[in-house]
Every structure is written in C-alpha cells, then in structure tokens.
**Q** 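My questions all concern the structure below.
The analysis underlying the following values was restricted to heavy atoms, covering all of them including side chains, and did not include hydrogens, waters or symmetry mates. Every chain is numbered from 1 and lettered A, B, ... according to where its sequence line falls, protein lines coming before strand lines.
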Amino acid sequence: MTRDFSSSLNPSQLEAVYATEGPVLVIAGAGSGKTRTIVYRLAHLVEQGVSPSSILLLTFTRKASQEMLQRAADLLGEGRGLARVQGGTFHAFAYGMLRRHTPPGWPDRLTVIDRSDAESLIREAKAELGFGKGDRSFPKASTILDNVSKSRNKEFALRDILSNESFHLLPYADEIETLGDTYDRKKRACGMLDYDDLLFALETLLRSDEELLTNVRRRFEHVMVDEYQDTNLVQARLVELIAGKGGNVMAVGDDAQSIYSFRGANVQNILSFPQVFPGARTIRLERNYRSTQPILGFTNQILAQSRLLFEKKLWTEDEGGPTPQIIRPLSDLSQARLVAGKIVELRKEHPPGEIAVLFRAGYQSYHLEVELNKLGIRFAKFGGLKYTEAAHIKDVLSFVRILRNPSDTPSWHRVLAPIKGVGPKTSARLVTSLLSGDREYVDSWRKKRPELDALLGFLDELRSREYSPGTLLEQIVKFYTPQLEERYPDDYPRREAGLEELLQIAAGYKELDLFLADLSLENPEPRGGEREEVVTLSTIHSSKGLEWNAVCIIDLIEDRFPSRHAMNRVEEFEEERRLLYVACTRARKYLALFVPKAVYRRGKETTEPATASPFVREIPGEYYEEWQENYTGGLSQTKGAPEYRRPPSALNPPQQRTKPSGTPGAAASAPPPPAPDPSTMGFCNHKVFGRGKIVAVIPPDKYRVNFPGFGLKVILAQYLEMEGEQGRQSG
DNA sequence: TGATTGGTCCTTTTT
DNA sequence: GGACCAATCA
C-alpha cells in the first residue's frame, strides 16, 4: 500500500520522495522543506516494504535523526519499527561499528577521547620531548591539535596547512610534525580514538575486510545523508564505500550553507556528487516555506554581495510581515539590556520556545545571560563550551575513565591533583608505580597522605563490583562532593546541580562504554520531564537546521562577526558571510540584527568604538529599518523602509561613520607609518578588503596593509594585487 | 627537587 | 577564566 503524498508536498519534493532507486542529490535551499522531504521519504520507503533496519540515516546530530524518525512514525502510525532505522552522526555510527570490529593497527578495546583529552596528550608529548621550553611563542597544545587535525581532515600535508593558514607557525613545522606523530602513537598504544580517528579507522576497517564490507553494503540498502555540504573527504568516501557506486544513496545539502570548512568540510563533495555517483539525479528545492518575503529579500542580499558566486533564488508566497531591523545599541553592554527588552516584547506575541538569540561565538552571550537571569527569563544555551568541559564534571568522569582504562594518565592526574604535595611530577611517578607494581613508592605516599590512601581504597572498592553507570556515578559523586564544596565555596550549589544532571544522564545507560562515548560524541540531555519551553541562546553553528518565529543576532561588528580569525583569506571571509546567511534564514517572521556602536574592553574599564560588520554595511538600505538607542533610553528609528521593497535603484554606498573631525583636511589621510623598505610602499587591492596602503613588508611573502574601514591586516602576497609602477609614479 | 603562587596573554565555530 | 611560564617557597 502506498499513500499519495501529493497534497502535502510540492512537485520537486515529491520527486525526491519517490526517487528511491540509485543515487540522488537534493539541493535544498534554506527553509525549503528539506526535513519534511526526508521524513516523507522515510515513510514512503517503509510503506514500500523496505525494512527500517536496512535504512541508514546519517545526520549532523542524533537529535536531528531522532526528530525525523519520530515525525515519520507520526505519519505512518506506530508499530512500523522505525526505531530500527540506523541513524546518527558519522562519528557515532563509526564508533558503533568499531566497537564490534577492531580495525587493523588498533588494540581491541577502544575509547573515544574528546578535545580536551587530546590536548592533554599533546601536552604530555610536548613535555616528554622537551619542546617549547622557555619559548613563549611555541604553539600551544590546542593550536598544535588544530593544525594536526586540519591536516588530516583536509588531507593536506601539515606543512601546506601551515603555510596556507598559519604561516607564523612554519618555523615550528618540524616540531609540530613530531608532536603529531607522538600523539598518534600514544593514542594507538592505549586504544584512544579521537574524532578524526573514528572516521579514518572505519575507512581502514571497511577497506581491509571485504566480507564485512559486503555485509555492510547488503545490510544498508538505502543510505541518506543530511547536510552533505558539511562532510569532509573521508566522510564522502565512507558514503561511497557503504552505498557502493550505483547504490541507493541520497545526499541532501545546500552549498550556500556550508559553514564547517574549518574542520575540513569540503563543498566539493556536493558539487562532485554526480561524478562520484554516475547517473545521479539532481533535484532542487527552491521554494521557501519558512520565512516572509521581507526576510527572504534581506537574506538574498547577503548572498548577492558574495565574492564567490552562489546561484540561489529562493522564493516564497508569504508576502507580509515586518521588515528586518538593524538595531544600534550604544555599546555591547547596553545591547544585552536591549535584547532582553526585545525578548520581553516578543513574548507577548510568541511563545518563548519560538524566540532565539544567535551569535558567532559562545562568549558573546555572557552579558545577555546575566541580564536574562536578572529578569527571571528562562533560557537554554547551545554551543560554546560544553558542560562536560566544566572542571567538576571532568573530575568526576576521570574516576569512571580510570576504571575503564587504568592507563588513562590524564585522568589519573585529575584525581590525584587535589592531594596536598602531589604535583604533576609526583603524580606521574605515582601512576607509573601503581601500574608497574612498585609498592614501595606508593605505600610511602599512602602513609604520608591519608587522602591518597582513601582515594585508592575507594577506587578498589569500585573495581570490585560491577555497577551500572548510574550507581557508579552516584558513588563517585558522593565521594567527590566534599572536595567540591571546599574548592568552589562560591558556586558549588550550581556545580552540584550540574552533577545531578550528569547522574540523570548516566541513569539512562546500561553500558559504561556507551555512556562515555556518547558524552564525547553527542550532547545528551538529562532525561525525565517535559522539556520546558524556553528562549534559546545559541551559536550559529549549533542553530543549523533549526528555525524560530523570531530571531535576534547580536554583535554584528568587525572583529566579532566576521571573527577576526577569519579575515586572512577570502574563503574564510566568505564562510563568515554564509554563517550570517544561515543565521538570518533561521527566522520565520521577525529578524533583528544588533550592531553595537562600542564595545567594552575588559581590563581597561573603557569602551572603544566599534565598526559595523562589513556584511551589514553592504546590504542596501531598502531592505531594512534602522533603529538606534537613545541616551535617554528607548529606541528611535533612524532609517526606514515604510513600504517594502522600493526598486533597488542607485544603491547607496555603505555610509562611512561620520567622525568627530576636528581638523577637516588632515583627517582623511592618515600619517604614513614608518616603512622598512620605502621602495615597496604603495597601494594594493584585495578581493575582500578593497584598496589598501602597504605599510610594511613581512618577509618572505607577506605584507601588512592598512585597509580603510578594516584596519591593519597581514596578508599573503598572493592574495594581493599590486598597483602598477606607473600608478605609483603619478601618485 | 618539586610544589605553589603570581603575572601575562588570549579567548571561533564542532564531531 | 584558563593555560602557561617564571619566580618563589618547602
């Protein structure tokens, strides 16, 4: 029995739903009903008699896959076994496979390590090799890890990564390479897989075991991959391996929403899908069901200014609705107050669950969080630091991890550190002695420090019994709580609540391995109770795939959005633009961008003027209203589009902020800074920043350039177009 | 020798 | 607020 979905879906969506044989690529613009299409396709497959357990649904988060499965189940009615659909992230799927089959080159008990574990291992390696002693500019563990990981994800030699993206680290290339190798050896020795290993180890496994590969291919008759524009090379190869060349595989994505190239995501995957899977059918979903025309007009403008071309023309029939607003608070501090006020106002019209505040980086919401707490507005925050990274959570988990893997040295250091008189050195010796059976050293310390005796006794007690994750955690928390209160006298109640949450999560697991892996691979939520409807605060990256009636985006100023780290290369700059595009397209009915006029500088106790983000400056005035915060409080409109969409006639060039000019003539030309080599001075052009003055030469191949409106930048020569000799002569 | 303390710098995004 | 280092303390 097959149902007719034609009343619920448009023709392109229907085509995607019914195209179940062979490879299919769906290019789905923002808000084009992508999720709906996947849900209906799942339902259709099952109605066709495909067994749910032979469908593999790879998504960006497990939450996304669960939501799709739930909706498909709602559509079909319960009892269709949709829970048996295999789904989740590539990483979680890989771990599931690797738990059952040991890949060549790895021991058979494998643990997943997260970012901070990986950094600890690098630090360990650094100390062992004696690198960077006394050298303040030696790269930090996290920088080293960034580059090592980038090299793997992009599959470029480390040296190429360094010279393309972090040329200042080139002098350390040899050391970084050695550290990377040592890090790799350490992981393999104790069976620790980092995020990248999960993918590569699965690939190695599938390539090394033909029988397994055949079984996997037979098992998954249908493979569906969401957010395909954010997959990297190894993920694309995994899809190819699992589906097979002519297999039934559907990739869904949107090249305009690619925002993960920093971790190796490759838009090329989506573009070359038709070549990799010959005979692939390409279907485009371009009708937008999410946003009103004013919002769509605004978001189309963001892409229209792109230096890299995207052919995207989303359209909608939803004409009405308010014009997007650009709101200019006096500073980022008053921005927090204004946003909180805006939320209060929006709540009159929308439930709290339909309101979101988005930002580029986790720390940008701190002021707002304080403000919301003051007003008693409940919110949930996504992205930024994970709560598993909080010190007390890591402390408690260290106990668990030692039980699982006694050679987990970073965890030993954590649990031993609070003992008086034990620093890194002693702790390392203690661990070696414990593991090698050198009782003498250990016993002498046990006599000296009763805490150590108690700690080891406690661990032995835990080891002697097989506790469920929940009970185990309970014991550990009981043991740990006195320490907690001593160490964090100010805010231990908050931390205790966090541990309580951890207990809730643990209680949902039967196997310790899975509990630990999920903590690293997913963001599990404490179970029990209906999730209360609250306002969402989220990084843009974490907002991917979600939508709200009302969306506010904050801190749209230079250095914050685009991030100052993303200003060196055109590709990075353009990714920031897509990020803003993703953020704005989350909104259904109301969209506001906050552009503070000044930012508060910590430490200096002053505010400094801020420049509006170039993305905002580029948008033609007829697409938004502008409001500014008054000194007397409140907002007043400074620029407006009373009726929507006047013909985009003479585009106003982005207005330069009027400066308080005391000396009118001299203000325009900045005094020329001292140049190391006057013969190279001159002007140059950059794709993103425009015309700038060369201020200094940085050998071998960089220039420091002053770009009006952007400030000083260090740029590789290859990205600059020098103005010719003749131009200089005449100037 | 190794632990502790105080000062300085930086602080993107995620599996 | 944390990571890292140098100086100081046991």
**Q** With a non-hydrogen cut-off below 4.0 angstrom, is Phe90(A) in contact with a base, only sugar-phosphate, or nothing?
**A**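 Nothing, no heavy atom under 4.0 Å.
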**Q** Rounded to the nearest Å, what distance is computed from the CD atom of residue Glu575(A) to the C1' atom of nucleotide dT13(B)?
**A**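 After rounding, the gap between these two atoms is 9 Å.
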**Q** Sequence neighbours excluded, which residues qualify as salt bridge (Lys or Arg N to Asp or Glu O under 4.0 Å) partners of Glu203(A)?
**A**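 Applying salt bridge (Lys or Arg N to Asp or Glu O under 4.0 Å) to Glu203(A) gives Arg207(A), Arg237(A).
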**Q** Could you check whether Lys381(A) and Ser365(A), counting side-chain N and O atoms only, form a donor-acceptor pair closer than 3.5 Å?
**A**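 Judged by distance alone, the side chains do pair up.
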**Q** Is the aromatic ring centre of His565(A) closer than 5.5 Å to the centre of the six-membered base ring of dT12(B), with the two planes inclined by less than 30°?
**A**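 Given the distance and angle limits, yes, they stack.
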**Q** Do any side-chain nitrogens or oxygens of Arg123(A) fall under 4.0 Å of OP1 or OP2 in dC4(C)?
**A**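 Yes, because at least one side-chain N or O of Arg123(A) sits under 4.0 Å from OP1 or OP2 of dC4(C).
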**Q** Under 3.5 Å, is there an N or O donor on one side and an acceptor on the other linking the side chain of Arg360(A) and the base of dT12(B)?
**A**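 Indeed, a donor on one side and an acceptor on the other fall under 3.5 Å apart.
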**Q** Without decimals, in angstroms, what is the distance between Lys381(A) NZ and dT14(B) P?
**A**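 So the NZ-P distance, Lys381(A) to dT14(B), works out to 10 Å.
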**Q** 5'-most contact on DNA chain B: His541(A) or Ser427(A), nearest heavy atom basis?
**A**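 Of the two residues, Ser427(A) wins.
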**Q** Atom NZ of Lys154(A) to atom P of dT15(B): distance rounded to whole Å?
**A**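 Rounded to whole Å, this separation is 18 Å.
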**Q** Between C1' on dA3(C) and CD1 on Ile144(A), what's the gap in Å once rounded to a whole number?
**A**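 Going from CD1 in Ile144(A) over to C1' in dA3(C) covers 13 Å.
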**Q** Please report, rounded to the nearest Å, how far the P atom of dT15(B) is from the CG atom of Leu238(A).
**A**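 Between P of dT15(B) and CG of Leu238(A): 18 Å.
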**Q** Apply side-chain hydrogen bond (donor to acceptor under 3.5 Å, both in side chains) to Asp117(A) and list each qualifying residue two or more places apart in sequence or on a separate chain.
**A**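 Expected list: Arg401(A).
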**Q** What is the distance, rounded to the nearest whole Å, between atom CD1 of Ile259(A) and atom P of dT14(B)?
**A**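 For the pair Ile259(A) CD1 and dT14(B) P, the rounded distance is 9 Å.
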**Q** When you measure from the side chain of Ser563(A), which nucleotide among dT15(B), dT12(B), dT14(B) comes out closest?
**A**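 So the nucleotide nearest the side chain must be dT12(B).
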**Q** Any Lys/Arg nitrogen of Arg263(A) or Asp230(A) sitting under 4.0 Å from an Asp/Glu carboxylate oxygen of the other?
**A**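 No.
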**Q** Considering the options Tyr260(A), Phe382(A), Phe359(A), Phe60(A), which one meets the ring pair (Phe, Tyr, Trp, His ring centres under 6.0 Å) requirement together with His541(A)?
**A**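 Only match with His541(A) under ring pair (Phe, Tyr, Trp, His ring centres under 6.0 Å): Tyr260(A).
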**Q** For the pair made of CG in Leu193(A) and C1' in dT15(B), what is the distance, rounded to whole Å?
**A**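 The distance from CG of Leu193(A) to C1' of dT15(B) comes to 13 Å, rounded to the nearest Å.
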**Q** Mind checking Ser542(A) for me? I need base, sugar-phosphate or nothing, with any heavy atom below 4.0 Å counting as a touch.
**A**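 Result for Ser542(A) = sugar-phosphate.
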**Q** Assign each of Tyr260(A) and Lys140(A) to its nearest nucleotide of DNA chain B by heavy atoms, then name whichever residue's nucleotide is nearer the 5' end.
**A**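 Its nearest nucleotide being more 5', the pick is Lys140(A).
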**Q** Given atom CD of Glu576(A) and atom C1' of dT13(B), what is their separation to the nearest angstrom?
**A**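 One finds 8 Å between C1' of dT13(B) and CD of Glu576(A), rounded.
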